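First up is the structure itself, then whatever we jot down about it.
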Amino acid sequence: MRAKGNLSPPQRLRKMHRLLEEAYGPQHWWPAESPFEVVIGAYLTQNTSWNAAARSIANLRAAGALTAKGIRDLPIGQLMALIRPSGFATRKAPALKAFVTMLDAEFDGSMDALAATPTNPLRVRLLALPGVGPETADAILLYALNHPVPVIDEYLRRIAMRHSLEDAAPERKGYEQLGDLVRAAFAADPQTAQVPLLNQQHALVVAVGKAHCGKVARCEECPLLPDLLSLTPAD
DNA sequence: CGCCAGGCCGTGT
DNA sequence: ACACGGCATGGC
């Protein structure tokens with residue numbers, strides 16, 4: 001017997017995905033006009049609302065700096081000024097410079113060449129960059145480079161806690177553990193579907209998270225609450 | 001005024 | 001391996 005109904009944790013996560021699709025529909029992520037712009041957004045939105053990140057991106061666009069060359073040619077002080085709206089400019093500006101330096105030195109400045117690297121070594125390389133942790137690395141891999149990796153964020157951690165996505169009593173799960181859970185939920189789908197599925201999965205988690213997964217729980221009208229906690233194995 | 005945002009990093013256990 | 005505080009700015 002499981003603690004919460006008859007569904008295994010991956011089954012519960014898949015059911016959650018279906019419920020979220022019904023509630024929110026297609027999300028068409030990532031909002032950007034190029035892979036490089038996705039990278040910029042991934043850095044700028046760290047612990048920052050997308051609205052604020054979008055302001056910085058608008059500043060960069062107006063300055064013609066939404067390209068590797070644009071970031072490379074901007075003096076660090078000007079870069080900091082342009083991305084000020086999204087906060088942490090003293091960390092994020094050098095981090096963006098470091099990404100471009102890596103792209104130039106190791107991939108001839110080509111995002112396509114970067115994307116052609118196998119997923120595992122590529123993830124390790126991204127994680128070695130300053131200002132790139134697991135979520136930023138995976139967001140870049142999935143949304144800029146089209147590699148099939150799950151993106152785990154704070155909202156999914158809260159959902160996993162509050163909805164007991166694991167077998168046992170709620171307990172905090174590590175990044176890689178939750179990643180394994182997401183992978184298991186979609187493992188049966190064809191390889192060609194992995195990227196769009198994982199894209200939609202994280203986008204939906206953010207959609208519900210913004211609305212109902214505050215730091216201090218405000219789950220009252222969460223569309224997941226009745227169904228996920230029920231004991232009906234509707235899959 | 002307060003808390004929070006599509007995290008990461010250094011330090012301490 | 002985890003928990004914790006600092007980091008900057010804008011919205012509500």
Side-chain angles (χ1 to χ4, degrees), chain A residues 16-17 20 23-32 35 37-60 76-99 102 123-145 149-162 166 168-180 182 198-220 222 224:
Chain A
M16 177 181 104
H17 184 260
L20 289 177
Y24 293 97
Q27 300 297 303
H28 338 279
W29 268 28
W30 185 291
E37 188 179 328
V38 174
V39 172
I40 299 290
Y43 279 90
L44 295 184
T45 195
Q46 290 169 0
N47 197 45
T48 304
S49 70
W50 178 254
N51 183 46
R55 290 168 161 259
S56 293
I57 290 171
N59 289 343
L60 291 173
I76 188 74
Q78 290 187 30
L79 179 55
M80 285 181 55
L82 291 172
I83 67 173
R84 190 173 312 279
S86 46
F88 307 103
T90 55
R91 286 168 166 255
K92 289 175 179 176
L96 289 173
K97 284 281 192 181
F99 178 86
M102 178 273 299
R123 186 170 195 268
V124 169
R125 183 64 191 93
L126 292 173
L127 287 172
L129 288 167
V132 176
E135 183 177 346
T136 303
D138 289 335
I140 291 171
L141 280 165
L142 179 63
Y143 292 105
L145 306 178
V149 299
V151 180
I152 308 307
D153 64 0
E154 177 60 25
Y155 292 135
L156 186 61
R157 277 187 279 277
R158 292 174 193 169
I159 291 170
M161 288 284 295
R162 297 172 190 174
E166 296 291 342
E171 72 182 283
R172 187 147 187 103
K173 293 299 173 184
Y175 190 99
E176 300 301 334
Q177 245 174 319
L178 283 174
D180 289 343
V182 175
L198 294 168
N199 178 323
Q200 207 11 23
Q201 195 277 335
H202 177 232
L204 286 171
V205 166
V206 174
V208 72
K210 282 186 185 174
H212 302 290
C213 305
K215 245 181 179 177
V216 178
R218 49 180 152 99
C219 316
E220 295 76 23
C222 173
L224 298 174

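A quick note: this is a predicted structure, and the numbers were derived from the prediction, not measured. Computed over heavy atoms, backbone and side chain alike; hydrogens, waters and symmetry mates excluded.
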Nucleotide N/O to protein N/O under 3.5 Å, stretch nucleotides 10-12 of chain C:
residue: dG11(C); atom: OP1; partner: Arg55(A); partner atom: NE; Å: 3.2
residue: dG11(C); atom: OP1; partner: Arg55(A); partner atom: NH2; Å: 2.3

Open item on the list: Generate the contact string for nucleotides 7-13 of chain B. Rules: B means base contact, S means sugar-phosphate contact only, - means no protein heavy atom under 4.0 Å.
Closed with: BBS----
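For Arg125(A), the salt bridge (Lys or Arg N to Asp or Glu O under 4.0 Å) partners at least two apart in sequence or on another chain are Glu106(A). When the salt bridge (Lys or Arg N to Asp or Glu O under 4.0 Å) test is applied to Glu176(A), the partners found at least two apart in sequence or on another chain are Arg123(A). Remark: His17(A) engages Phe186(A) in a ring pair (Phe, Tyr, Trp, His ring centres under 6.0 Å) (not counting sequence neighbours).
Each salt bridge (Lys or Arg N to Asp or Glu O under 4.0 Å) pair with one or both residues in residues 81-90 of chain A, not counting sequence neighbours, would appear here, but there are none.
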Open item on the list: Show, in sequence, the C-alpha distance, side-chain angles and deciding distance for Cys213(A) and Arg162(A), and conclude whether the side-chain contact (heavy atoms from CB on, under 4.5 Å) test is met.
Closed with: CA-CA 9 Å; Cys213(A) 305; Arg162(A) 297 172 190 174; 4.2 Å; yes
TODO: For Val208(A) and Tyr24(A), run side-chain contact (heavy atoms from CB on, under 4.5 Å): C-alpha distance rounded to whole Å, both residues' side-chain angles, the deciding distance at 0.1 Å, then the answer.
DONE: CA-CA 8 Å; Val208(A) 72; Tyr24(A) 293 97; 3.7 Å; yes
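Within the 4.5 Å cutoff, the side chain of His202(A) has heavy atoms near those of the Trp29(A) side chain.
Within the nucleic acid shown, Lys92(A) has no heavy atom closer than 4.0 Å to any nucleic acid atom.
What separates CG of Leu44(A) from P of dT9(C) is a distance of 14 Å, to the nearest Å. Atom CH2 of Trp29(A) is separated from atom P of dG6(B) by 8 Å (rounded to the nearest Å). Taking atom CZ of residue Arg218(A) and atom C1' of nucleotide dC4(B), one finds them 8 Å apart after rounding to whole Å. Atom NE2 of His212(A) and atom P of dA5(B) are 14 Å apart (whole Å).
Distance noted for atom P between dG6(B) and dA3(C): 23 Å (whole Å).
Across Tyr143(A) and Val151(A), no two heavy atoms sit closer than the pair CE1-CG2, 4.1 Å.
Applying the 5.5 angstrom centroid cut-off and the 30 degree plane-angle cut-off, the aromatic ring of Trp50(A) is stacked upon the base of dG6(B).
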